[in-house]
There are 2 protein chains.
Amino acid sequence: MPKTPNVEEVADQLHSTAIRLLRLVRVQDTTSGIAPARLSALSVMVFGGPVSLRELARAEQVRPPTMSRIVDALEAQGLARRTINTKDRRAVLIAATKRGQSLLQEGRARRVKFLASYLVKLEPAELRILAEGLAAMQRALQPG
Amino acid sequence: MPKTPNVEEVADQLHSTAIRLLRLVRVQDTTSGIAPARLSALSVMVFGGPVSLRELARAEQVRPPTMSRIVDALEAQGLARRTINTKDRRAVLIAATKRGQSLLQEGRARRVKFLASYLVKLEPAELRILAEGLAAMQRALQPG
DNA sequence: GGCATTGGTTAGCTAAGCTAATTATTCCGC
DNA sequence: GCGGAATAATTAGCTTAGCTAACCAATGCC
């Protein structure tokens, strides 16, 4: 029976491994031809559905004026669209276009495929442990 | 005996969990009063020792001119220092100052502590699985 | 109906990214 | 050991991404 690991130490490992992992997959994004901040904002719309600009800004940890210009750029590239919110005409509803959706999905698939190419080095048992650890982490990060 | 999970699916979960995790801890960096790109470059020096500008740029996936100015800023803030490399006088050696080191370590500690505050919600058995999964992931990401 | 609140944009700044061009070494071939 | 190619860094000048302050438009509430 292995001894229970120290929480701070696990957090430390987790932190640096996450950094390394994203640094690794980030290289794949250069192919997409879309700037990181825009890609990230687009991803929020694609996975969360139409959102107001404020929500989008909050999700991206950015101020509204910053997001306003990112959305300008996404619109100019035909990847997102502002639509009027009939419930509250102050707010806009921002949604990804078809093209924005597929572009994001392709980029994401590239990242995931690339990451998977590292995971195939693991034994089935290791992969299973990784999947279980991941599930535990997701529970931990859950709000509440 | 649980069945062996699908590699692509694990990669997918891993990817999105890593994104979520870093987005979560990033909030802690606002306290440090140092911009993200600088903090990240500083971290490379602190953990890897003195490096040339090119190495630093490569590590950060950035072009040399960009890194040159980040180092300018770090020097101006008294967090890093360029020293001459007597072996190759074209190149500079960039190192964190004492103050740069402690500033980074404090920031890192804040992030880790914050992350740890989520992990305490886990049962000892879950934490152990997480630690094992993490070890597997580190093996997978290892170059080679 | 008037006024505070809320959502978004505009203006104007700094920081962070890029390419192209310049300068200073180093390396290499002869 | 000299001259040219290659390499390390910086400078110049551009775009994108971040910010605050100021503004306009719609909502909401007494």
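For the numbers below, each heavy atom of this structure counts, side chains included, while hydrogens, waters and symmetry mates do not. Here is the naming used below: chain letters follow the sequence lines, and residue numbers restart at 1 for every chain.
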Undergrad: Under the 3.5 angstrom rule, does the side chain of Thr83(B) hit a backbone N or O of Leu93(B) as a donor-acceptor pair?
TA: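 The answer is yes, because a donor-acceptor pair under 3.5 Å joins these two groups.
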
Undergrad: For Glu75(B) and dT10(D), give me the distance from atom CD to atom P, rounded to whole Å.
TA: 9 Å

Undergrad: Return the CG to CZ distance between Leu103(A) and Arg108(A), rounded to the nearest 0.5 Å.
TA: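 Reported to 0.5 Å precision, the distance equals 14.0 Å.
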
Undergrad: Within this structure, what is the CG-to-P distance between Leu39(B) and dA15(C), rounded to whole angstrom?
TA: 16 Å

Undergrad: For Arg90(B) and dT26(C), is the shortest distance between a side-chain N/O and OP1 or OP2 below 4.0 Å?
TA: no

Undergrad: Heavy atoms under 4.0 Å, any strand shown: does Arg54(A) hit a base, just sugar-phosphate, or nothing?
TA: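 Base contact - Arg54(A) has a heavy atom under 4.0 Å of at least one base atom.
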
Undergrad: Please give, in whole Å, the distance from dA15(C) C1' to Glu60(B) CD?
TA: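 My rounded result for the distance is 15 Å.
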
Undergrad: Which whole-number value in Å describes the distance from Glu55(B) CD to dA8(D) P?
TA: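 Rounded to whole Å, this separation is 9 Å.
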
Undergrad: For the atom pair CD (Gln77(A)) and OG1 (Thr97(A)), what is the distance rounded to the nearest 0.5 Å?
TA: 10.5 Å

Undergrad: Of the nucleotides dC18(C), dA9(D), dG18(D), which one has an atom closest to the side chain of Val92(B)?
TA: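 Of all the options, the side chain of Val92(B) is nearest to dA9(D).
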
Undergrad: In terms of side-chain geometry, is the basic nitrogen of Arg128(A) or Glu123(A) positioned less than 4.0 Å from the acidic oxygen of its partner?
TA: no

Undergrad: At less than 4.0 Å, is any side-chain N or O atom of Ser68(B) found next to OP1 or OP2 of dA9(D)? Yes or no.
TA: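 It does not, given that no N or O in the side chain of Ser68(B) lies less than 4.0 Å from OP1 or OP2 of dA9(D).
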
Undergrad: Using atom CD1 of Ile70(A) as one end and atom P of dT9(C) as the other, report the distance to the nearest whole Å.
TA: 12 Å

Undergrad: Distance check: side-chain N/O of Arg82(B) vs OP1/OP2 of dT10(D), anything under 4.0 Å?
TA: yes

Undergrad: On DNA chain C, compare the nucleotides closest to Ala73(B) and Thr86(B); which residue's is nearer the 5' end?
TA: Ala73(B)

Undergrad: Regarding Glu126(B) and Lys121(B), does a basic nitrogen lie under 4.0 Å from an acidic carboxylate oxygen?
TA: no

Undergrad: Choosing from dG18(D), dT19(C), dC14(D), which nucleotide comes nearest the side chain of Arg63(B)?
TA: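 So the side chain of Arg63(B) is nearest to dT19(C).
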
Undergrad: Could you state the CD-C1' distance from Gln61(A) to dC19(D), rounded to the nearest angstrom?
TA: 15 Å

Undergrad: With respect to the side chain of Arg38(A), which nucleotide from dT16(D), dG18(D), dT20(D) is positioned closest?
TA: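 Ranking dT16(D), dG18(D), dT20(D) by closest atom to the Arg38(A) side chain puts dT16(D) first.
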
Undergrad: Closer to the 5' end of DNA chain D via nearest nucleotide, is it Thr66(A) or Asp88(A)?
TA: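 Its nearest nucleotide lies further toward 5', so the answer is Thr66(A).
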
Undergrad: Rounded to whole Å, please give me the gap between CD in Gln77(B) and P in dA15(C).
TA: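 That distance rounds to 9 Å.
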
Undergrad: What is the distance, rounded to the nearest whole Å, between atom CZ of Arg26(B) and atom P of dG18(D)?
TA: 9 Å

